[in-house]
Protein chains: 2
Amino acid sequence: MAGSAIDNKNNFAAQVMGRLKNDILTGYFQPNEKLLMSRLKERYQVGVSPLREALSQLIVEQLVVVENQRGFKVHPVSELEMLDIYQTRAEIEALCIGLALEHGDDEWEAGIVAAAHKLHKYQDLVEQEPQEWELRHQAFHTAIASGCKSPTLLHVRRSLYEKASRYRNLWLKNTMSNRIAFDVNHQEHNQLVEVLMAGDMVQAKILIKEHLLGPSRALAEHWSAFSAE
Amino acid sequence: MAGSAIDNKNNFAAQVMGRLKNDILTGYFQPNEKLLMSRLKERYQVGVSPLREALSQLIVEQLVVVENQRGFKVHPVSELEMLDIYQTRAEIEALCIGLALEHGDDEWEAGIVAAAHKLHKYQDLVEQEPQEWELRHQAFHTAIASGCKSPTLLHVRRSLYEKASRYRNLWLKNTMSNRIAFDVNHQEHNQLVEVLMAGDMVQAKILIKEHLLGPSRALAEHWSAFSAE
DNA sequence: AAACACCAAAATGTCGACACTATCACAAAA
DNA sequence: TTTTGTGATAGTGTCGACATTTTGGTGTTT
């Protein structure tokens, strides 16, 4: 997900960090699950040192928690945290869009329509290749946000996206079937592009917030389904 | 700075993490300085493993950079990054204030006037005990921002504050004397409290942005002074 | 001189080993 | 039956050691 390709140039810690993060975000390791060193060593084929380094990094990213002398656990999930992450994400995304509309140049607009086109072409293949659709969806929104031209803000945005994607994946995992209702709302995308090209900041911010808060409400509705397990 | 008191309950990695972060933020380790293991072992009196764990965490916080087989370095500084951090910080702080004014209750307002009072009482002692003033200044702004009631957003805010404080400390270190011009602007604080109590969101956001961007301009002005070294 | 090859010293990244701590099952006592 | 003690077992946190890589200096060649 992050640095998908296996980086042989990096040290073990960095490689394991990527794989472990992916395993947590995709739900291979469940929330609150204890992360036994023996198991991790087995799975990633490395010693304790690189593992502890990777886990240390994931603590900062709030995907792992640690308790002294009691090892590491996957960060727990809660409806409250989920809602807070999505709300913050909505605000940050709106902030990016606001700044992007201020600083936005032709290059930026071109990037958006290009990404929108690639997403549109995949419109009907969501069911077959959800992963590729995911990538294009993400690329679409990143194209929009990147117009803010602020590495710091975009870094925050990415971190929040990752944390949210864990909740999203857990939801997908525990409610087999219609992912469409979740966030395949082409209409919203089209509307968004429209108001962005028109330079309507107020409307764009409203749209993007709804685009993110809608899914969070869907997650909240079905919360009991995968929380009572 | 973060967990000031020495946590004997935590493992070495966490303890060293705090001390090392402090040493970087306060400028004991200069930007771009190589972090020799031998030196770190000497300074913190621990082995390599906890050190690498602490350094790994600081990589995520973007206070340290690593290159495979070439060890760790303090994250470099640049005028561009400094400006970006301060601008993002201004936007985030304004966001916190906006949300705080929406969700704000009496408790929140009380916290602000209390913190403002404690800051006011220290108004004339800045020169003597700058550190205590710093604490109260920080507490004042945190009291305001905390009204947004979003742990996620406040976490982002703290992380940006820390990164910015490094630039601030470097500046203080390299330009001995009058820190007053920097951010001792009581008037701005008073004005801010005033408009907050009046519930004037637009004015509050303008004020807080200026309160943060002013200093960043001061830093940019004097940039050449401590960058040409 | 400048560029290059080469070697010694130092530094990094990883692992296995060791001491210390927590966990769990089971027995003894209330 | 519930509580309390007691080992055995498993797991964690840290260090020292080792292989590999980088660094810096010295001498050689162009």
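Naming convention: chains lettered A, B, ... in sequence-line order (proteins, then strands); numbering from 1 in each chain.
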Chemist: Return the value, rounded to whole Å, for the distance between atom CG of B/N11 and atom C1' of D/dT12.
Modeler: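 After rounding, the gap between these two atoms is 10 Å.
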Chemist: Name all residues meeting the side chain to side chain contact (heavy atoms under 4.5 Å, CB included) criterion together with A/V46; count only those two or more places apart in sequence or in a different chain, and write none if there are none.
Modeler: A/F12, A/V16, A/Y44, A/P50, A/L51
Chemist: Could you list the residues that satisfy ring pair (Phe, Tyr, Trp, His ring centres under 6.0 Å) with B/H141, not counting sequence neighbours?
Modeler: B/H137, B/H189, B/H211
Chemist: Starting from C1' on C/dA22, measure out to CE on A/M37 and report it in whole angstrom.
Modeler: 15 Å
Chemist: Residues two or more places apart in sequence or in another chain: which of them pass side chain to side chain contact (heavy atoms under 4.5 Å, CB included) with B/E129?
Modeler: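 Only B/Y122, B/E132 meet the side chain to side chain contact (heavy atoms under 4.5 Å, CB included) criterion with B/E129.
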Chemist: Would you tabulate the pairs of protein nitrogen or oxygen atoms and nucleotide nitrogen or oxygen atoms of nucleotides 17-24 of chain D closer than 3.5 angstrom?
Modeler:
none

Chemist: State, with a plain yes or no, whether a side-chain heavy atom of A/Y161 is found less than 4.5 Å away from one of A/I85.
Modeler: no
Chemist: Under the rule for salt bridge (charged side-chain N to carboxylate O under 4.0 Å, His left out), what residues qualify as partners of B/R157, not counting sequence neighbours?
Modeler: B/E93
Chemist: Mind running a 4.0 Å heavy-atom check of residues 49-58 of chain B against DNA chain D and sending the residues that fall below it, in number order?
Modeler: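 Listed by number, they are B/S49, B/P50.
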Chemist: Starting from P on C/dG16, measure out to CZ on A/F12 and report it in whole angstrom.
Modeler: 11 Å
Chemist: Donor-acceptor pairs under 3.5 Å, side chain of residues 54-61 of chain A to any protein atom, not counting sequence neighbours: which ones?
Modeler:
from: A/S56; atom 1: OG; to: A/R52; atom 2: O; distance (Å): 2.7
from: A/E61; atom 1: OE1; to: A/K21; atom 2: NZ; distance (Å): 3.2

Chemist: Output a table of nitrogen or oxygen pairs between the protein and nucleotides 6-9 of chain C separated by less than 3.5 Å.
Modeler:
none

Chemist: Return the set of residues passing side chain to side chain contact (heavy atoms under 4.5 Å, CB included) with B/Q87 (not counting sequence neighbours), or none when no residue passes.
Modeler: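 B/Q87 satisfies side chain to side chain contact (heavy atoms under 4.5 Å, CB included) with B/L83, B/L213 only.
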Chemist: Grab the CD-C1' distance between B/Q45 and D/dG13 for me, whole Å please.
Modeler: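 Computing the B/Q45:CD to D/dG13:C1' distance gives 18 Å.
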Chemist: Specify the separation, in whole Å, of atom CG of B/L40 and atom C1' of C/dG13.
Modeler: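 Whole-Å distance recorded here is 15 Å.
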Chemist: Got a sec, which residues hit salt bridge (charged side-chain N to carboxylate O under 4.0 Å, His left out) with B/E107, two or more places apart in sequence or on another chain?
Modeler: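 In terms of salt bridge (charged side-chain N to carboxylate O under 4.0 Å, His left out), with neighbours along the sequence ignored, B/E107 is linked to no residue.
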Chemist: For B/T88, give me all partners under side chain to side chain contact (heavy atoms under 4.5 Å, CB included), at least two apart in sequence or on another chain.
Modeler: A/S150, A/T152, A/L153, B/D84, B/I92, B/L160
Chemist: Rounded to whole angstrom units, what separation is found between the CZ atom of A/R39 and the P atom of D/dT12?
Modeler: 13 Å
Chemist: With heavy atoms under 4.0 Å as the rule, sort A/K34 into base, sugar-phosphate or nothing.
Modeler: sugar-phosphate
Chemist: Identify, with sequence neighbours excluded, every residue that meets salt bridge (charged side-chain N to carboxylate O under 4.0 Å, His left out) alongside A/E33.
Modeler: A/R39
Chemist: Let me know the distance between NZ of A/K41 and C1' of D/dG13, rounded to the nearest Å.
Modeler: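 Result: 13 Å.
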Chemist: I'd like to know if the side chain of A/Y28 pairs up with that of A/R43 as donor and acceptor (distance under 3.5 Å, no hydrogens or angles considered).
Modeler: yes
Chemist: To the nearest angstrom, how far is B/L35 atom CG from C/dG13 atom P?
Modeler: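 My rounded result for the distance is 12 Å.
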